[in-house]
Each structure stands twice: as structure tokens, then as C-alpha cells.
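For this chain, numbers begin at 1 and follow the sequence in order.
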Amino acid sequence: MKIGYYIKKQSLKGDSRIEGLLGRLSEGGAELYAISSAADIRPDTALVLSFGGDGTFLSAAHRVAEAELPILGVNFGRMGFLSGNRPEDVADAVLSGSYTIENQDILEVDCGDARPAGFWPYAVNEVCIHRVNAEMVGVDVSLDGEELPTYWADGVLVATSTGSTAYSLSAGGPICIPSADVRLITPVAPHNLNLRPLVAPSDSVVCMSARARSGEVLLTLDNRSYTIPCGARVKVGKAAFVLKKVKLAKSNFIDALRSRFFWGQDVRNSTEL
């Protein structure tokens, strides 16, 4: 079995837990190699390990998603929804094949002539148009050609179900099971009391354009940001390929909500009362 691995933070290189995991995989017959870019991917690679937090997982996805290589996130970060697996749980599961692969949507973005240099037009979690300074922006949004009311806010984001626990959640959006076939449109700090997050089918096409006195806004795709001119049309749809996320048998989304967000924690739920 050929396995690639990606480490973003220099501080993790040489970490004893990572070295121990890689050593266990090597002893089990795995051929291991490091990945820093898409060009490093070797033929017949079975999967890629991402060592770090959710930001590292996104960076790994940007490098290998188009090759549709399965990615297994090993958590060395704080939250760990994408990278939710403990290092000690990984080696035996991988070597024994005790895992499943979930296919999750990826967003594709077209911003026409406003496309910045070095722009990779895909996002795993969300795409967002956001203000560049203290002023409010007006974001005109259409859903499958149907015009929605203008959002006056800090910005508007379009998220996948995978991204529902990321920026969209912070902006007041709903939590979605990762396998839910939906798209979220969530305003960021809206100044409209009567506009709320909207849930749409995953094959919907969302178009956005912004108005602001500054003449420019930020276009953010996951953890990458670019400046684009106001009026630029940003089209968000479903990519032709998917994110292949490795899920170990011990992984459980509801348990992750409880442990990471203290979801539903209430003294009245205690069994010790």
C-alpha cells in the first residue's frame, strides 16, 4: 500500500506521535512519502494522511482533491471536524482496511475576468464575499436564476454540508449532517432583520455580486482570500469531482458535536442528578 502524507506546520515535523504512526505503517508494509504539492503525488497511491487541524486538511485537499485521492485527517489541531481522528487510532485501521470512504461535494467558482492570479477555483467548506474594511456591503444573490433580496451585511457565504460546522455556523447557519445533499446560503452579520440562512439543493447554482463604496471586496474560498472588484459576478456550483474523506469505524459526527461544541450540554441532562 502506497500512502502519502501532508504536514503543513513546521512544528509538527519530527513529532514523536507522527513518527510513531509512520513507523507503525511502515512496519505493516506501507510505502510512505511526503506531499507538498499536487506534483508530488505518485501513481497508485491508496490514500493521503493529513497531520494537523482542519486548516491543514483543507490545504491537503487543495493539493490532492482533483486526483480524487482519499484523505484521512489525523488531528493535531484544536477543533478537528475534518481532521477528527486520533493518531493512535489510525495505523491499525488503515492497515486492516477498517475504514469507509465518504464522497462529499466540492464547490466550483467562476468569477470571469475578475479571476485573480494563482486562483484555484474550488472550495471544500465555503465560498464567501466579504467586506474589505469597516463599511457594510450589499450582496445581490440569485439562486438558479431566481433573484433573492439584497443582503446588507459584512458578507454572504455559500457552504457545503461539510462546511456547515465552519464559517457558516459562526454566522448563525444550521448544522448539517455531512452526507446531507444540500447547499447553505448564509449572511455574515446581516443588517436585515428579516433575512435568514437559506438551505437549497446541492445542485443549485448561486450567483453573487457586491456593492461597496471601496470598489472592492474579498472573495474567500476556504482558507484562501483574493480581492475582486465590486460588480464582478461570482458563480458557485458543484465541481465535477468530489472530496473523498476517509472515515474510521470509530468516527461519529454526533459525538463530535457533543465533544467539540458541547452540543446540548445542559445540567438537566446529567444522569447524576
Surrounding [atom1] of [X] (heavy atoms of other residues, nucleotides or ligands, distance under 6.0 Å), is the total greater than 12?
X	atom1	result
N133	CG	yes
K235	NZ	no
K2	NZ	yes

#### Entry: Check: Y5 ring centroid to Y33 ring centroid under 6.0 Å
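No: the rings miss the under 6.0 Å criterion.
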### Query
Taking the six-membered ring for Trp, are the ring centroids of F51 and Y6 within less than 6.0 Å of each other?
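Ring centres of Y6 and F51 not closer than 6.0 Å.
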Measure across [X] and [Y] and return the closest heavy-atom pair with its distance rounded to 0.1 Å.
X	Y	value
D110	G112	OD1-N, 2.9 Å
N125	G163	OD1-CA, 3.3 Å
A114	I228	O-CG2, 3.8 Å

### Task
Drop me the distance from N85's CG to L21's CG, to the nearest 0.5 angstrom.
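Result: 10.5 Å between the selected atoms.
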### Task
For the residue pair K8 and S59, confirm or rule out a side-chain donor-acceptor distance under 3.5 Å.
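Short answer, yes.
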### S214 and E135 side chains, donor-acceptor separation under 3.5 Å
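Indeed, the side chains of E135 and S214 share at least one donor-acceptor pair under 3.5 Å.
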Is the shortest side-chain N to carboxylate O distance from [X] to [Y] below 4.0 Å?
X	Y	result
D154	R131	yes
R42	E31	yes
D92	R24	yes

### Task
Give me the ring orientation class for H130 and Y167: parallel if the planes are under 30° apart, tilted from 30 to 60°, perpendicular past 60°.
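Ring orientation of H130 relative to Y167: tilted.
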